[in-house]
Amino acid sequence: MSEALAAVETAGTDLSVPAASGARQFWRRLRAQRAALVAAAVVALLVLVALAAPLLTALEGQDPTTYHPTLIDSARGGVPIGSFGGVSADHWLGVEPQTGRDMFARLVYGARVSLGVSLGATLVQVVLGVAMGVAAGLGNRWVDLVLSRVTDIFISMPLMIMALALLAIVPGSFPRPVLVALIIALVSGWATTAKMVRAQTLALKNLDYVAASRLSGWSTWHTAVRELLPGLAAPVITYAALLIPANISAEAALSFLGVGVKPPTPSWGQMLTSADVWYQAAPQYLLLPALALFVTVVAMTVLGDGVRVALDPRAASRLRIGTGRKREARADTAVPAGEPRKSRKEDRS
Amino acid sequence: MSGFTGFVLRRVIGAVVTLFVLSVVIYVVFYVTPGDVAQITCGPRCSPAQVHQVAQQLRLDDPLYVRYWHFLQGIFAGQDFSTGTSVEHCPAPCLGQSYQSGRQVTDILLTKLPVSFSLVLGAMVIWLLLGVGTGVLSAWRRGRLSERVLTAVTLAGVATPVFVIGLVLMIVVCGELQLLPFPQYVDFTDDPEQWAWNLLLPWLSLALIEAANFARLTRASMLETLAEDHIRTFRAYGVGERAVIARHALRGATASVIALNAVTFGSAIGGAVLTETLFGLPGIGQELVHAVKVVDLPVVVGMVLVTGFFVILANAVADVLYAVADRRVVLA
Amino acid sequence: GPEDSDAKGSGGDSTPHKGGTLTVLNSEPQTDFDPARLYTSGGGNVPSLVFRTLTTRNRENGAAGAEVVPDLATDTGRPNKDATVWTYTLKKGLKYEDGTPITSADIKYGIERSFAPELSGGAPYLRDWLVGAADYQGPYKDKKGLSAIETPDARTIVFHLNKPEGEFPYLATQTQFTPVPKSKDTGTKYESHPVSSGPYKVVKNENDGEHLVLERNTYWSAATDEERKAYPDSIDVRSGLDSSVINQRLSASQGADAAAVTTDTNLGPAELAKVTGDKKLAARVGTGHFGYTNYLAFNPKVKPFDDPKVRQAIAYAIDRSSVVNAAGGSSLAEPATTFLPNQKSFGYTPYDPFPAGASGNAAKARELLAQAGHKSGLTVTLTHSNNKDFETSPEIATAVQDALKKAGITVKLQGLEDNDYRDKIHSVKTEPGLFLAHWGADWPSGGPFLAPIFDGRQIVKDGANFNTGQLNDKSVNDEIDAINKLTDLDAAAQRWGALDKKIGEKALVVPLFHPVYKRLYGSDVKNVVISDWTGVLDISQVAVK
Amino acid sequence: MSLVEAAGTSLVDVTDLTVEFGALRAVDGLSFSLAKGAALALVGESGSGKSTVAGALLGLHRGTGARVGGSVRVAGTDVQAASDEELRRVRGAKAAMVFQDPLSSLDPYYAVGDQIAEVHRVHARVSRRAARARAVEVLERVGIPDAARRARSRPHEFSGGMRQRALIAMALACDPDLLIADEPTTALDVTVQAQILDLLHGLREETGMGLLLVTHDVGVAAESVDDVLVMRHGRAVERGPVGEVLAAPAEPYTRELLDAVPRVDARRTGSPATDEVVLETIGVRREFGRGKRALTAVDDVSVTVRRGETLGVVGESGSGKTTLGRMLVGLLEPTAGEIRYEGRPHTGVNPAVQMVFQDPVSSLNPRRSVGESIADPLRARGDRDEERIRGRVRELLERVGLDGAHYDRYPHEFSGGQRQRIGIARALAAEPRAIVCDEPVSALDVTTQAQVVALLGELQRELGLALVFIAHDLAVVRQVSDRVAVMRRGRLVEYGPADEVYDSPREPYTRQLLAAVPALDPELAARRRAARRAPAAV
Ligand SMILES: Nc1ncnc2c1ncn2[C@@H]1O[C@H](COP(=O)(O)OP(=O)(O)OP(=O)(O)O)[C@@H](O)[C@H]1O
Ligand SMILES: Nc1ncnc2c1ncn2[C@@H]1O[C@H](COP(=O)(O)OP(=O)(O)OP(=O)(O)O)[C@@H](O)[C@H]1O
Ligand SMILES: [Mg+2]
Ligand SMILES: [Mg+2]
C-alpha cells in the first residue's frame, strides 16, 4: 500500500480529537449500533461453533473423516444419494460427494481452520506491522529508510507465488494450518499494516502529549509504548477487521492452488475448492461453505465497521451545527445544562 | 517544484533498490525450492548423464551468485543463447531465457502483458463504476434499506472466492442461458469488439471482488467529507443535497479512490492468477504459476520483477496522484 | 460460423464428410511441439496430425486399436534373427509440407537431434537400445552422428540394437522417428514451426503452443497414409483452459464448440454426475481405456515395509471401493488387482494374490499384522502429491487412510508439492516407505510396463529411479530378457502376463485401480474412434461435417 | 430588496426559541428581534448557545435530530414552517452566514472564485461566466488584491485573513438582507481581526444590511454593533445598546463577564521577580527544512528569564513564538546559538524546565487517566512507591484547584479550563524551576482565562517560578509579564520591561499591534478605526 493510501486509511480517526474516550464510551457507542451487535453475536457464535466442533459432531454422531460409501452413487461420480445432498437424521447437512463424509462435521471442523488461520494470520500481521511501523516512525532517518524498503519489498511480492515456493520449502512436519497462516501473514498484510502504522506514528509523535511525556523524562521507547500504542489501537483494530476477510479469502485461494491446509483436515476454502465443479450436480456442497464464508465475512466486516464507528466520536454523531469553536468547548459544556456551573470561587480555591 | 522532483527521484531510487533486493530474494527462495530443474527439463526418465548435460547446457551447475551475476549482466548488456543450430541474441534488458521452452523471458512478457492489462484495465472500469457508485449511493442513502442491500451485495463479492463467482457466472451466463460465448482471449488489435465480449465475464468476476473495497472506501471518505465544515457552508447557502454530494462530498473522496485504485491495479497485474486460470486467459499470473511448478527460474524471476515493478510504480503513482488531487497533503 | 451449427439436427446423416474446422479445447498447451522433445504414446494426438513416424498405432476402436501398423514405412519392420537389427523401407512419394521428399536420412537426423541436451525430454528407449548411444550428445555437438543407424539409400533405414528387442516396432511409433529436414532445423526454435510430414501443417503457433492453427498440408497424400482420415479442413487448438470450463463448453456445444473435442481433459466425477442425468449429453460421451495403473508402492528398504507380512496386510486391508469412489466412482475407475492393465495387448492375466474383496479384508489384515508383531496396530506414513489429479492426490490418500483405519493401521499423510514428490519418490536415497504412484504404458505391451518398475538392472542409484520396490531378482531379469527376444507379440504378451502374476505375489505394490476415460465431444462431431492404445478419441479420425 | 419584504417591520423575529439536543437544552426561551440594517451582537461564554441560535435562523438544525421550538422569522419567512425548497431560498439570499473557521469552511478542492460563483448561481439565474464575474467583483469588494487572478486560487493559497474575507465575499455575492457572522475573527491575529471588523463595518455602511454578530469577545462586540445581547445557559441575561451595557451593566453576570476581560492598560502588580537568571537564550536561531525551502522560524533571539519573573512573548501567528518556547524546554534543538540553564549551556529536555501546552485537548493522552499523566514525571524519576505517588498527585491536583479524588478520571471528563490546570499540575510535578506556557489561555473563554492566569501568578509567587508566557493577546500578556518580547518573522522586534513596551513603544510594529487591540468602549473603537483608516488611505 502506498503512503497515500496509508494516509487514507488513517483519515478516519482524527488525531487531535481523542479517538476513543474511554472504554465505557466505546461500549456505549458500540451498543448503540444494532447491526454491529448482531454481527458481534454472529462472530461469537462462529467462534463458539469452531471451539465446540468435537462436541457438536458428537451430538450429531459423526466425525469429519469417516467415509460412507453406501450413501453415494458410485456409478454417477459419487453424487450423494437422497435429496438435498443426502440430508438425514444422521447427516444433518447431508454428505460430501465422492466420499460420503459428513457435511455438518466438515463444516464445523472447517470453521476451526478457516477462523484459526485467518485470525492467526491477522494477529501476526498486526503484531509485526505495528512493531515495524512504530520502529520506522520513531527511528532515525536510516532506520526509517531501511524498514520502509523492507516493507516495500514485501508489498511487491506476489502472495500466490511466494506461497507456492514457501510451502514447498518448509518441511512437511511443520503444522500446515500454522504454516498457511504464517505465509499469508508474512507475505501479505503485515507490510500494509506497517505502512499505515508508520504514517500514524509520524502523526502521533508530534502531538503535545507525546512531547509532554518526553519532558517528564521518559525514554523514547517508554514514550512509544505508553503514549503511542494506545493511540494506535483505534486505527489498527479497524484495519484488522479488514484483514480478517482478506485472510479468509487468501486461505481459500491457496487451497484452490493446492497449497492450503492438509487433508483430511477440512477447511472452508478447501471445501469450496473441491466443490465448485459440483455446482450443478450437488449444489449444496458448494453453497454450504460459501454461505458460511459469506456470513463470516459480512459479520466481521460489519463488526469492524461498528468498532470503527465506536472508536470515532466524529462518525458517531451526525453533523453538528455548533461552531465547534474549539473542541474542548463542547467537553466544557458536557455538564448537563440544568446543573449550575461551578462558580469561580470554588475553582480558585 | 524542486520538492516534487526530489520526491520523484527518491521514489525512483527506492524502487530500483527494492527491485534489486526483490530479485535476490526470489532467486534464493526458488533456488532452495525442491524440484530438480535439470531433471524436469530433461524429462522424467533421463539418465544421470543426460541430466548432467542439460544442467551444463542451462548453466545450472554454476554457483548461485554466478547465475545471478549472469542474470544481472543480461539486464544491462544483453545475452547470447544457443538454439543448437545457431546463436540468438537477447538484447539489453534481457531477463534471460526460459529453461523449459527456450524462449526469451522478455518475449514471453510481451505476449502476456497485454492480456493481463486487458483484464485488469477493463475490470478496473467496472470496479470503479460499481464500487464508487455503490459507495456514493450508500453514503447518500445512509441507514436506509437500499444501503443495506447494496452493502450486502458488495460484501458478497469480497466474501466469495473468485473461482466460485467466475465458474458460476460462466455456467449460468454461457452454459445455461447462453447469453455469451465462453470466454476465450482475443487480442484487442485483432478484433476490439470480440476482445470486449470475451473479457466481459473475467472483468466482472475480478471487479466484483474489488468493488467492495472501493465502495467501502468511497462511502467512508464521503461520510467523512460530509461531516466537514465546508459542507455545512454550502448547505447554509442553499446548495441542494444532490449538488453537495456530487460536487463536494464526492470530490473529497477522489484522492483516496485514486490512491486505492492505483494500488489495486498494480497488484492485480500479476496477482489475478485465479481469474486468469479459470478463464484461460494467457496472462502473467497464469504463466507465473506454471513457471513456478516447473521451477523455470528465469521466467519466475523475470515475471516477479516486472509485476513488482508495476506494484511499485502504482504505489508511486498513487502517491503522486494523491498529492496532486489533495493539495492539502503537499501543505502538510 | 456459429449460425449454421443449429441448422443441422443430431440425427440423419452420420457419415463423415470432408471440410469444416475442428476445435480442440485443451488444458495443457502444446509447449513442446518438437518431435525430439515429445514423450507420447503412439505418436500423440495433435502431434500425430503433423508428424508421421515409421510405424504408428492402428486407428480403430477397442482392442484392435492397440496394434502397431506401418506409417511412413512399408511394414512394421524387418528384424534379423535375434531381433537386434531392424530394417525399414520408406513408402514412395512421401513429401514434406514444402513438397520436398522425405528421406531415410531425415529420419536418422530426427532421431539424432533427440539426443541433444537442448532438445531433451523424450523417452529413454533409444538411448538404452541403440548401439553406442548412451553417451551420444546429438548432432549439434557431435557431427559424426549415430553409427547405430544406417541409411544405405534414401528409402532404407537400418537400426542396430545392443540387445534383442522384439517390440522395436512399437518404439518406432514415437515422434522421435519423425523425419526432420536438416536444412530446416532451427534447434530450440524448431517447435514454433515444425515441418509437417502429416496431413496438416502448422500455420499459427501462438504463445508457445497455447493456440495452434493447423491447415491441410497439400503435399500429404491419403494414398500413402492408411491411418489418418483428415476430414476437417483446419484444426484450431485452444489450450490453457480450466478443465471444468472445457467440459462446460463441450456440454453447451455452442457455436464453434459444437465441432469441438478435447484431447486431454476427462470428465470429472461432478461432471459425470451431471452428464449421466441428461440423455442427450450422455450420448456425446466417449469411453476409453488406456493402459494405466494407480497403485500403492512400498519401499522394502524402509521399516516396517521390509516385512512382507506388513505389505500383505496392507494389501488385504485396502478398500478398493472407497478408493474407486475417490477417483470418481465406478464409471471412472475400475478396481485393480493386477499391476498390468486389464487389456489383452498387455497380456492381462487376472489374479488376486491378497483378496480383499470390494471393501477390504480387515480381519485378515489384522491377523497378518499380529503375525508380524504389530498386535496393537501400526502407524505408517503415506506420501502423496498435492496435485489435483485424483491419482496421487489427497483424495485418494485420504480414502486409503480411511480404509486402513479399519485394520488398525493409523496412516499419517505426507502431502508434497508435485516437484518435491517426484524428486523424493524417484530417488533411491529419499524414497519414502509407502506412497501413491501410477504408471502408464509407453505402448500397449507388458514390456514398458514391467521392465522400468521391476527390472533390477534399471535401478538408478544417482538419478531418477522408477524401480521403486528396488527389486533385483535374477529370475525376473532373465524372464524380461527372454520375452524381449520374441518378435511374436502375442506370445510375448502372454509371458508378460505370467510374469506380472509372479511379481505380484511379492507384494511390492498394491494395485488400486485402472482409470476409465470419459470424454465429452461436441454435438457436430462424427466418426468417433477410441482405441485401447490411447483410450481417447482419435482426432485424426474425427469429422465435423 | 423587494416590496413584499418591506411589509415586515423587522428583519429577524425570534420568539421563545428553544433548541434541545437530546437532554441538553442549548437555547431556552430566547426572544429578540432585529430591525432592518441594525446590528446585534450575541455575546456570552462558551457553550451558552450563541451558535445554536445563529444556526436556527437559517434552519440548519433541520434533520440533525435537534428539537427546535418557538418561532423564527427571517425576512418574512417562517423558518420553522418553510418547506425545504423555501428554506433553501432563505439561505444565502436573505440571510447569509459567515462561519468561524475560514480554512475548513471552504472546500479545499475548488478555486475560491468558483465556490462563490456556485453559491451565487443557486440564487441567481445567471450564466457561469456572469457568476464568475460576480465572484471577482465581491472579492474585490472585500479587499482581495488582484481579485481576478486570486479568484482562481484554492483556499490553502490564501492567508487566514484572506480566507475570512473570501467567506464574507461569498455572503455578499448573494446580496443578503442579513449577515450572520459566527465568531468571524476568533482564529485571527489582532491586526487581521481589526481589518475584518473594519470591513464588516464598512460593508454595513455601504449596503445597509443587517448584522448578527456572534462572539465571545466583548471587545469585538463593542467595535462592531449597535445592540448587544448577553447570553448564558441558552437564556438572555441582558440586552441593550452596546455603549450602555458595556459601560453600566445591569446584571451581575454581565459585570462578571466584563471584569474578566483583560485590559491592555492594566499593569502587573506584586511581581516576585529576582535577579537570579534561570533560563537564557544566546542568539538562538532555528531553521526548518533544507535548501530552497528552508525557513528561519527563529532568528538570533537572546532573552533572559529570572527566578520569580514572567517573560511575556507576543507576536502575530507564525512569528516563531512556539518555536522559541520549544527550544527553551529542549524539545527542539537550536540550529545556532545556545540555551543556558542556570548559566550553563544545556541541550535536550530537562525536567527542571517544563511546558504548558497551548491546546489542552492534545496535550493530555485521552486514553490515560489524568492522575497517571500527572504522575509521569514522578515515575520517570524512579519513584515506585504507589502510595506516595498518589498522595503527591492528589496534592498537586488540589494545588491547581481541582478535586484530589479526580486521579482516575479521564481527560474528556474535564472542561477546557480544568484540563489546562491538569497540564499545569503535570508541569509542577517535575518540581521545575521554570515553566514555558505556550498560549495557555487562548483557547479559553474570558472567565476561565482569568482563573488560569490567576493560578499561574499564585504559583509563581509561592514557588518562585520563572515563567515564559507566550500569547498573541496583548492584554493578557501585559497583565502577567514583567518583561515583554515582541516577535515578528522570527526576530525580536522589541524587548524590555512590560510597562515601557506598552506605554511607550519604540517600534512602529509594536504600535500597530497595540492599536489593533479591540477596545471595550465603542467610542474609542470608532476613533481608533478612523485612525487605522487614515494611514491606509495614504
Ligand atoms: N449538534 C449538537 N449536538 C449536541 N449538542 C450540541 C450540538 N451543537 C451544540 N451543542 C451543545 O449545545 C450547547 C450550545 O452550543 P453552541 O455551539 O451554541 O455554543 P456557543 O455559545 O456558540 O459556544 P462557543 O463559544 O464555544 O462556540 C453546548 O453545550 C454544545 O455542546
Ligand atoms: N516542525 C516544523 N517544520 C517546518 N516549519 C515549522 C515547524 N514548526 C514551525 N514551523 C514554521 O516556523 C514558523 C514559526 O512557527 P511557530 O509555531 O513558532 O509560530 P508561532 O509564533 O507560535 O505562531 P502561532 O501563533 O500561530 O502559534 C512558521 O512559519 C511555521 O510554519
Ligand atoms: Mg459558537
Ligand atoms: Mg504557536
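Here is the naming used below: chain letters follow the sequence lines, and residue numbers restart at 1 for every chain. All heavy atoms count here, side chains included; hydrogens, waters and symmetry mates do not.
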Check this for me: does any side-chain nitrogen of one of [X] and [Y] sit under 4.0 Å from a carboxylate oxygen of the other?
{"X": "A:Arg101", "Y": "A:Asp63", "result": "no"}
{"X": "A:Glu96", "Y": "A:Arg106", "result": "yes"}
{"X": "C:Lys424", "Y": "C:Asp420", "result": "yes"}

Look at the aromatic rings of A:His68 and A:His91 and report parallel, tilted or perpendicular, splitting at 30° and 60°.
perpendicular
Can you tell which part of [X] gets under 4.5 Å to a heavy atom of chain A, answering side chain, backbone, both or neither?
{"X": "C:Leu413", "answer": "both"}
{"X": "C:Ala403", "answer": "neither"}
{"X": "C:Lys518", "answer": "neither"}
{"X": "C:Phe390", "answer": "side chain"}

Segment of [X] engaging chain C (4.5 angstrom heavy-atom cut-off):
{"X": "A:Thr99", "result": "neither"}
{"X": "A:Ala75", "result": "both"}
{"X": "A:Pro97", "result": "neither"}

Hey, which of [options] has the most heavy atom pairs under 4.5 Å with chain A?
{"options": "C:Ser244, C:Ser243, C:Ser393, C:Ala270", "result": "C:Ala270"}
{"options": "C:Ser330, C:Ala326, C:Ala327", "result": "C:Ser330"}
{"options": "C:Asp418, C:Asp319, C:Asn386", "result": "C:Asn386"}
{"options": "C:Glu271, C:Gln248, C:His384", "result": "C:Gln248"}

Going by distance alone, is a donor N or O of one side chain under 3.5 Å from an acceptor N or O of the other, for C:Asn325 and A:Ser74?
yes
Polar contact flag, side-chain donor to acceptor under 3.5 angstrom, A:Glu251-A:Ser267
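Note: A:Glu251 and A:Ser267 side chains meet the donor-acceptor criterion.
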Does NZ or CZ of C:Arg519 fall inside the cone over C:Tyr517's six-membered ring, less than 6.0 Å from its centre and within 45° of the axis?
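Yes, a cation-pi geometry holds between C:Arg519 and C:Tyr517.
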For C:Tyr292 together with C:His438, are the ring centres under 6.0 Å from each other?
yes
